[in-house]
Chemist: 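Please find one structure pasted underneath; my questions will follow.
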2 protein chains.
Amino acid sequence: MSPRTQAARTEATTGQLLAAARELFGRDGFAATSIDAVAAAGGVTKGAAYHHFATKGALFRAVFVGEQDRVTAELLRTTAQEPDPFAALRRGCRTFLELCLEPAFRQIVLLDGPAVLGWQEVRAIQSERALRVLADGMRVAAALAGEPGVDVTARAHLAFGALCEAGMLLARADDPDAALHALLAEAERLVGAMARP
Amino acid sequence: MSPRTQAARTEATTGQLLAAARELFGRDGFAATSIDAVAAAGGVTKGAAYHHFATKGALFRAVFVGEQDRVTAELLRTTAQEPDPFAALRRGCRTFLELCLEPAFRQIVLLDGPAVLGWQEVRAIQSERALRVLADGMRVAAALAGEPGVDVTARAHLAFGALCEAGMLLARADDPDAALHALLAEAERLVGAMARP
DNA sequence: CACTCTTGCATACTCGGAGTATGTATTGTC
DNA sequence: GACAATACATACTCCGAGTATGCAAGAGTG
């Protein structure tokens, strides 16, 4: 190997580990995935994993945050093109549900996340990410609908919970495409209703 | 001990185990609870536990089903007194959120359930219980609102997801009573909106 | 009411996986 | 170039899920 800087080594190793962890956690779930397996899949040993991540939960947390960042970026990207706040909310629903079509995303974000990290931790992570985007969107929409300055955090949470459930429901549908349309309609209805006074 | 019938012995032992399991799973979570601990708390040994429950997951499943039955019974009891379908739906929201005030209920039903049993299994269990009550209520309400025969399963799921999220949100509120009122208002709004065309 | 057969349960294991201790090589600093 | 710090590997410990086996106490049959 060519000599590299420490930062580069760390970057490379954690990158391998995170990629492998996202793969295995996403496919087999947190409980059924061992650190050894992740390390092996990442081309390193358990020692390396424990050098960079204090615990198995910490590794999972990093993967979880990565997924959250992905959703947030997607949400910001797709909704930015919608000038109308309500249209942006609907577009956000669609983006989120489309992400839920990935089994790994569902497993990590919707199933294991809360159980492994605790709800409080998950909430803290999401508050600055997807939930923030949703709440911001609802605030703008509420202002447009003639109810400015209202506190939308609770509404955003409820709507988010509904979206997560829709995502899981979508997963096991016989015809995902048809289900996506039906659930999307319901979700848009719901979010729209929540965003108005 | 006085000589007893086999059925009575089984009944007693599984009862002890389920009570202890509900206590420990509810307090420490599934992962942090060992079968040994449950058995000890129930006054028996691991052997007894594994005689009646094939696996740790099976024991958890039994506890989970017990909680689901509890919710369902409570929902049926409290909503039965409401003559108006919409009032019954609102009452159901209140009942559910009040149950969510119990930490053990949240831990078992909302946090660990999906991760341990898988979403599909959880859905199957709930479909004949709480979700059924909610869907039935929404069907009646939809019929009253002039949209009879509509398929409300998707809506019921979304509303249920929102309620679960509200339950978790309620848990960490500084003032649970005030939060209960605020969230209840939002939840009733949401369920009401979902139940109408 | 003997005699088996089955069921309920305890004790004694195996084994895999999370976390730790320690050694070694590589990089960064003076 | 010596010393420190960091990145990583190897070799453990230990706990807990699941298994094997043994035994005792109902339950069916003559």
Side-chain angles (χ1 to χ4, degrees), chain A residues 1-64 108 112 115-118, chain B residues 1-64 108 112 115-118:
Chain A
M1 283 294 161
S2 57
R4 295 179 301 185
T5 176
Q6 296 279 62
R9 286 178 75 186
T10 296
E11 167 97 17
T13 303
T14 56
Q16 306 269 99
L17 281 171
L18 286 175
R22 132 101 200 180
E23 169 83 17
L24 296 185
F25 284 152
R27 201 187 52 197
D28 305 329
F30 178 80
T33 302
S34 74
I35 293 276
D36 277 296
V38 171
V44 293
T45 64
K46 188 158 61 165
Y50 274 100
H51 180 71
H52 293 288
F53 301 96
T55 173
K56 188 184 175 187
L59 175 56
F60 179 85
R61 188 187 191 281
V63 172
F64 182 85
I108 294 168
D112 280 335
V116 172
L117 304 174
Chain B
M1 283 293 162
S2 57
R4 296 177 301 184
T5 177
Q6 297 279 64
R9 286 179 75 186
T10 297
E11 166 97 17
T13 304
T14 55
Q16 306 270 98
L17 280 171
L18 286 175
R22 132 100 200 180
E23 169 83 17
L24 296 185
F25 284 152
R27 201 187 52 197
D28 305 330
F30 178 80
T33 302
S34 73
I35 292 278
D36 278 296
V38 171
V44 291
T45 65
K46 187 158 63 165
Y50 274 100
H51 180 72
H52 293 289
F53 301 96
T55 173
K56 189 185 175 187
L59 176 56
F60 179 85
R61 187 186 191 283
V63 172
F64 183 86
I108 294 169
D112 280 335
V116 172
L117 303 174

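Per chain, numbering begins at 1; letters A, B, ... match sequence-line order.
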Chemist: Among dC8(D), dA27(D), dG16(D), which is the nearest nucleotide to the side chain of T5(B)?
Modeler: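 Nearest nucleotide to the side chain: dA27(D).
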Chemist: To the nearest Å, how far apart are D36(B) CG and dC15(D) C1'?
Modeler: 10 Å
Chemist: Any sub-3.5 Å donor-acceptor pair from T13(A)'s side-chain atoms to T10(A)'s backbone N or O?
Modeler: no
Chemist: Whole-Å distance between dG19(C) C1' and K56(A) NZ?
Modeler: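 So the two atoms are 12 Å apart, to the nearest Å.
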Chemist: Between F30(B) and F25(B), what is the ring plane arrangement, given parallel below 30°, perpendicular above 60°, and tilted in between?
Modeler: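 Tilted: the ring planes of F30(B) and F25(B) meet at 30° to 60°.
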Chemist: Taking A8(A)'s backbone N and O only, do any of them form a donor-acceptor pair with T5(A)'s side chain (distance below 3.5 Å, no angle check)?
Modeler: no
Chemist: When the distance from CD1 of I35(B) to P of dC15(C) is rounded to whole Å, what number comes out?
Modeler: 20 Å
Chemist: First locate atom NE2 of H52(B), then atom CG of L17(B), and finally report the distance between them rounded to the nearest 0.5 Å.
Modeler: 7.0 Å
Chemist: Closest-nucleotide mapping onto DNA chain D: is A7(B) or Y50(B) further toward the 5' terminus? I mean the 5' end.
Modeler: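 Counting from the 5' end, the first nearest nucleotide belongs to Y50(B).
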Chemist: How many Å lie between CG on L17(B) and C1' on dC9(C), as a whole number?
Modeler: 11 Å
Chemist: Let me know the distance between CG of L24(A) and P of dG17(C), rounded to the nearest Å.
Modeler: 12 Å
Chemist: From CD of Q6(B) over to P of dG8(C), roughly how many Å is that when rounded to an integer?
Modeler: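 Nearest whole value for this atom pair: 5 Å.
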Chemist: Classify T33(B) by what it touches in the nucleic acid, base, sugar-phosphate, or nothing, heavy-atom distance under 4.0 Å.
Modeler: sugar-phosphate
Chemist: Has T45(A) got a side-chain N or O lying under 4.0 Å from the OP1 or OP2 atom of dC8(D)?
Modeler: no
Chemist: So, does T55(A) get its side chain near the phosphate of dG19(C), meaning an N or O under 4.0 Å from OP1 or OP2?
Modeler: yes
Chemist: Rounded to the nearest 0.5 Å, what separation is found between the CG atom of D28(A) and the CG atom of D112(A)?
Modeler: 10.5 Å
Chemist: To the side chain of A48(B), which of dT7(C), dT26(C), dC9(C) is closest?
Modeler: dC9(C)
Chemist: Send over the distance from R4(B) CZ to dG26(D) P, rounded to a whole Å.
Modeler: 9 Å
Chemist: Compare side-chain N and O positions of T10(A) against OP1 and OP2 of dT6(D) and report whether any pair is under 4.0 Å apart.
Modeler: no
Chemist: Just the rounded figure in Å: distance from C1' of dG17(C) to CG of L59(A).
Modeler: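 Computing the L59(A):CG to dG17(C):C1' distance gives 15 Å.
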Chemist: From the options dT6(D), dG8(C), dA9(D), select the nucleotide whose nearest atom is closest to the side chain of H51(A).
Modeler: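 Looking only at heavy atoms from C-beta outward on H51(A), the closest nucleotide is dT6(D).
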Chemist: For the side chain of H52(B), counting heavy atoms from C-beta on, which of dA18(C), dG8(C), dA17(D) is nearest?
Modeler: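 Comparing dA18(C), dG8(C), dA17(D) against the side chain of H52(B), the answer is dG8(C).
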Chemist: Establish whether the base of dG19(C) is bridged to the side chain of K46(A) by a donor-acceptor pair shorter than 3.5 Å.
Modeler: yes
